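To keep things clear, I will list the structure first and then write my remarks on it.
So you know, we letter chains A, B, ... as the sequences are listed, proteins then strands, and number each from 1. Here the structure is a predicted model, which is why all the values come from computation and not from measurement. What's counted below: heavy atoms across the whole structure, side chains too, no hydrogens, waters or symmetry copies.
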Number of protein chains: 2
Amino acid sequence: MSSSRKKLFPLVSADVALFSIERERLRVLLVQRANVPEQGRWALPGGVLKPDVDASLEDTARRILREKIRVEAPYLAQVATYGGPDRDPRGWSVSVLFYALLPLDQVPAIAGSKTEAVDWRDAARPGPALAFDHAQHVAAALAKLRDKVERHALPLHLLPPKFTLTQLQRTVEAILGREVEKSAFRRRLKGDATLEEVPGEFERGVQRPAQLYRASEGFVFEA
Amino acid sequence: MSSSRKKLFPLVSADVALFSIERERLRVLLVQRANVPEQGRWALPGGVLKPDVDASLEDTARRILREKIRVEAPYLAQVATYGGPDRDPRGWSVSVLFYALLPLDQVPAIAGSKTEAVDWRDAARPGPALAFDHAQHVAAALAKLRDKVERHALPLHLLPPKFTLTQLQRTVEAILGREVEKSAFRRRLKGDATLEEVPGEFERGVQRPAQLYRASEGFVFEA
DNA sequence: GCAATAGTGTCTATTAGACAATATGGG
DNA sequence: CCCATATTGTCTAATAGACACTATTGC
């Protein structure tokens, strides 16, 4: 059966680039593969589509995150789909790539049973020698995320429920890989219905208190 | 085998929304399905991935166009991938959607052997009751194309090798579904390296002759 | 000359970038 | 008061939209 499968049907799987912010840097989660092929190498969390349990490709991606990272995905977006005979030594394979956004503290440090270990890497330089074509995948996912944020979508899924405008700005900067102008940035936010003040709540420090904000009812991460 | 396939492996196929300009309108090509399922209904040209002959998903799409429409695809872009148990009565299916751009006169009027007939439909209203989820596919492909053109990519693949700025403007308007300002449009083109004059060549009519332009060396349809 | 469309210019409203000024709590 | 950062304001340059004007050919 295995050899006939190889000839007739491609292997379909989903991979997920899970992004998070760590110390004002954009990070992507890699897992060390527990099994062949590419055993021991670092890769995006991914897994084979199960027609009997998955109701959609996004479902597959959510299940992968649940099984390998033990996390419930909040926001998923499709990036692209890659296919070819040489991507995976097991034969013709199709991989549907997603990215996900999540605050760091919601991701458990311990990997799921199917994974050796997990590691957060700099999203712009996830390191050399990733498994399969996953270096390309990370680059594509980052480009897609950047594109959306360049178009003024607010990446609130990466932030805690309440946050200051400066935190939001630092997050945007981490994604874009460049600084943005404070005054112009805030000017834009003024007319943005996806953001609302939390009345009377402030972040305090050794300076003027900063107003806390939250996502408005029905917020979606769209440009 | 068929029932075990149904349970274990999804059916993977590629669908293509082929866009063209007809009388200054953006059109999409539909084919009437010759076989079950959905026999006789109108759908995007599509077909099953063949691991033994296709070297990539884009290759699959090109082969589909060759077989069903008898046309060599010039430009293909991936739109998205759809998957689920109910899209196709044959079971869990995955469909990778592309769009293609081509001048009308390069598409033969007669369909390939695997197709009953072909028809050009208004891209924004391809008609009711398309097969499968292809109405959604057309909408998604159009949105992707519009997005790119909104971002000032020039859809030169839809035009003949030599064209006037007015023809280009009409094409952009057909895609966007709205008029654009002539003066602002031309102002933008001035600084666009993807476009160059054809020295001394003009389109003549009952008015001032119009300079002909062509795509620059190495043009790619990107924003 | 006239019709018809090509091609250019001008004015204004809006927006983005740079930078400065003010505000406020903790110590 | 002073520090550090929040928050707001101002000036300017660049851009887009609206609209008008000029150019050139066929008839």
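For S56(A), there are no side-chain hydrogen bond (donor to acceptor under 3.5 Å, both in side chains) partners, not counting sequence neighbours. Legend: residues meeting ring pair (Phe, Tyr, Trp, His ring centres under 6.0 Å) with Y75(B), ordered by chain and number and at least two apart, are H157(B), F221(B). With sequence neighbours excluded, no residue satisfies side chain to side chain contact (heavy atoms under 4.5 Å, CB included) with A143(B). The ring pair (Phe, Tyr, Trp, His ring centres under 6.0 Å) test applied to F185(B) returns no partner, not counting sequence neighbours. With sequence neighbours excluded, no residue forms a ring pair (Phe, Tyr, Trp, His ring centres under 6.0 Å) with F163(B). Scored by the side-chain hydrogen bond (donor to acceptor under 3.5 Å, both in side chains) test, D59(A) finds no partners at all (sequence neighbours excluded).
Taking the screw axis at each terminus of the helix from dG1(C)-dC27(D) to dG27(C)-dC1(D) from five consecutive base pairs, the angle between the two is 10° to within rounding of 10 degrees.
For residues 213-223 of chain B, every residue pair satisfying the salt bridge (Lys or Arg N to Asp or Glu O under 4.0 Å) rule, not counting sequence neighbours, is listed here: K148(B)-E222(B), E196(B)-R214(B). The salt bridge (Lys or Arg N to Asp or Glu O under 4.0 Å) contacts involving residues 150-159 of chain A comprise D147(A)-R151(A), E150(A)-R178(A), R151(A)-D147(B), where partners must be two or more places apart or lie in separate chains.
At distances below 3.5 Å, at least one donor-acceptor pair connects side-chain atoms of Q32(B) with backbone N or O atoms of G40(B). Using modelled atom types, one side-chain atom of R146(B) and one backbone atom of I175(B) make a donor-acceptor pair closer than 3.5 Å. In this structure, the side chain of E22(B) does not engage the main chain of L104(B) through any donor-acceptor pair within 3.5 Å.
Atoms CZ (F163(A)) and C1' (dA6(D)) sit 16 Å apart, rounded to a whole Å. Remark: P of dA6(C) and CD of E201(B) are 17 Å apart, rounded to the nearest angstrom. To the nearest angstrom, P of dA16(D) lies 19 Å from CD of E179(B). Spacing between atom CZ of R188(B) and atom P of dG17(D) amounts to 9 Å, rounded to whole angstrom units. Between R186(A) atom CZ and dT22(C) atom C1' the separation is 14 Å, expressed in whole Å. In this entry the distance linking CG of L165(A) with C1' of dT8(D) reads 12 Å, nearest Å. The separation between L195(B) atom CG and dG7(C) atom P is 12 Å, rounded to whole Å. Atom CD in E203(A) sits roughly 11 Å away from atom P in dT7(D) (whole-Å rounding).
Using a 30° and 60° split on the angle between ring planes, H137(B) and H134(B) fall in the parallel class, below 30°.
Of the options V31(B), V107(B), L76(B), V28(B), a side chain to side chain contact (heavy atoms under 4.5 Å, CB included) to L18(B) is made by V107(B) and by none of the others.
Across residues 167-175 of chain A, not one residue has a non-hydrogen atom less than 4.0 Å from an atom of DNA chain C. Contact check of residues 150-159 of chain B against DNA chain C (heavy atom, cut-off under 4.0 Å) returns no residues at all.
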5' to 3', nucleotides 18-27 of chain D under a 4.0 Å protein heavy-atom cut-off (B base, S sugar-phosphate only, - none) gives BB---BBBS-
